[in-house]
Number of protein chains: 2
Amino acid sequence: MGLTKTKEFTKTQNEIAAMAKALAHPARIAILQFLAKQKSCVCGDIVEELPLAQSTVSQHLKELKSVGLIKGEIEGPAVCYCIDLKALAKIKSIFGELFSEVEQNTCC
Amino acid sequence: MGLTKTKEFTKTQNEIAAMAKALAHPARIAILQFLAKQKSCVCGDIVEELPLAQSTVSQHLKELKSVGLIKGEIEGPAVCYCIDLKALAKIKSIFGELFSEVEQNTCC
DNA sequence: AACCTTTATCGTATTTTTACGATTAATAGA
DNA sequence: TCTATTAATCGTAAAAATACGATAAAGGTT
């Protein structure tokens, strides 16, 4: 993101931005959509689905995990990634709040 | 964003990611919130409100404009920036669709 | 134990983002 | 016209994001 003056903004503003950042790459959108529609959620299957190297997919998974959107469970040698529905609900409400706030547009 | 393999993903995935990227900085969230609650929407007032240099704010405004979230109208020597409610509605529906899609989580 | 499979991490190159000061452009007013 | 105000753009430095190959780690299997 380059240098960002995080401390100069409110907690909420930073939180919304962090959530948005997690969604700010097509590969991560693709991962979420794949996890939603697929019964399998093994990391290897995600790697096969995406046009990216294994290490790159792993990085994207890490970012989604960092905001809590997905969680990984170790299953033998593999890892099963799942969407965290609680985190999803939180994101939904955070964005919903922002959108309805912005909708009360009084200027112009 | 670094190098991104845009062409390898669907149009929708890229579109969602682009919208999210526009929201992926606290300064841009602050701008939207300011425009929502303030009667004034003159660029200079936004610059005063934010802890950033004028040129930096101008860059953030440009990014918000690039996804259509705001539009600028020249008023004499100043520019009045306003939220585009139509674009906002589109973003709302795009994110809403994604969230409800992801909510149908079948795995795990 | 030796080996294979699977995933995370490391190192690194490239590109993009963020930020600022300086300059330019455009409009209003004296 | 000259000047002041306002905002966009340019140039640039620093930091973060993206991507990949190589390596490490962790768990099964033979």
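Numbers restart at 1 for each chain; the letters A, B, ... are given by sequence-line order, proteins then strands. Values below: all heavy atoms of this structure, side chains included; hydrogens, waters and symmetry mates excluded.
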Open item on the list: Within the 4.0 Å heavy-atom criterion, would you say A:V47 contacts the bases, only the backbone, or no part of the nucleic acid?
Closed with: nothing
Open item on the list: Heavy atoms only, 4.0 Å cut-off, all strands: where does B:E63 land among base, sugar-phosphate and nothing?
Closed with: sugar-phosphate
Open item on the list: What I want to find out is whether A:E103 reaches B:K92 closely enough, with some N-O distance under 4.0 Å, to be called a salt bridge.
Closed with: yes
Open item on the list: Any carboxylate oxygen within less than 4.0 angstrom of a Lys/Arg side-chain nitrogen, looking at A:K90 and A:E15?
Closed with: yes
TODO: Tell me yes or no: between the side chains of A:T10 and A:Q13, is some donor less than 3.5 Å from an acceptor?
DONE: yes
For the pair made of [atom1] in [X] and [atom2] in [N], what is the distance, rounded to whole Å?
X: B:Y81; N: D:dA8; atom1: OH; atom2: C1'; answer: 8 Å
X: B:I29; N: C:dT18; atom1: CD1; atom2: P; answer: 12 Å
X: B:E73; N: D:dA7; atom1: CD; atom2: C1'; answer: 15 Å
X: A:K65; N: C:dT7; atom1: NZ; atom2: P; answer: 12 Å
X: A:E48; N: C:dT5; atom1: CD; atom2: C1'; answer: 13 Å
X: B:L3; N: D:dA17; atom1: CG; atom2: C1'; answer: 10 Å
X: B:L50; N: D:dA7; atom1: CG; atom2: P; answer: 13 Å
X: B:E75; N: C:dT27; atom1: CD; atom2: P; answer: 14 Å

Task: Residue mapping more 5' on DNA chain C - nearest nucleotide basis, A:K5 or A:G44 - done: A:G44
Task: 5′-ward residue of the pair A:K62/A:P77 relative to DNA chain C - done: A:P77
Task: Out of C:dA8, C:dT15, C:dT5, whichever nucleotide has its closest atom nearest the side chain of A:C43 - done: C:dA8
Pairwise side-chain contact, [X] with [Y], heavy-atom cut-off 4.5 Å (strictly under):
X: A:K65; Y: A:Y81; result: yes
X: B:F34; Y: B:D45; result: yes
X: A:L23; Y: A:I29; result: yes

Report all side-chain donor-acceptor pairs from residues 46-58 of chain B shorter than 3.5 Å, counting only partners two or more places apart or in another chain.
none

Task: First encountered from the 5' end of DNA chain D, between A:I74 and B:D45 - done: B:D45
Open item on the list: Does C:dT17 have OP1 or OP2 under 4.0 Å away from a side-chain N or O of B:K21?
Closed with: yes
Task: Within residues 52-60 of chain A, residues whose heavy atoms come under 4.0 Å of DNA chain C - done: A:Q54, A:S55, A:S58
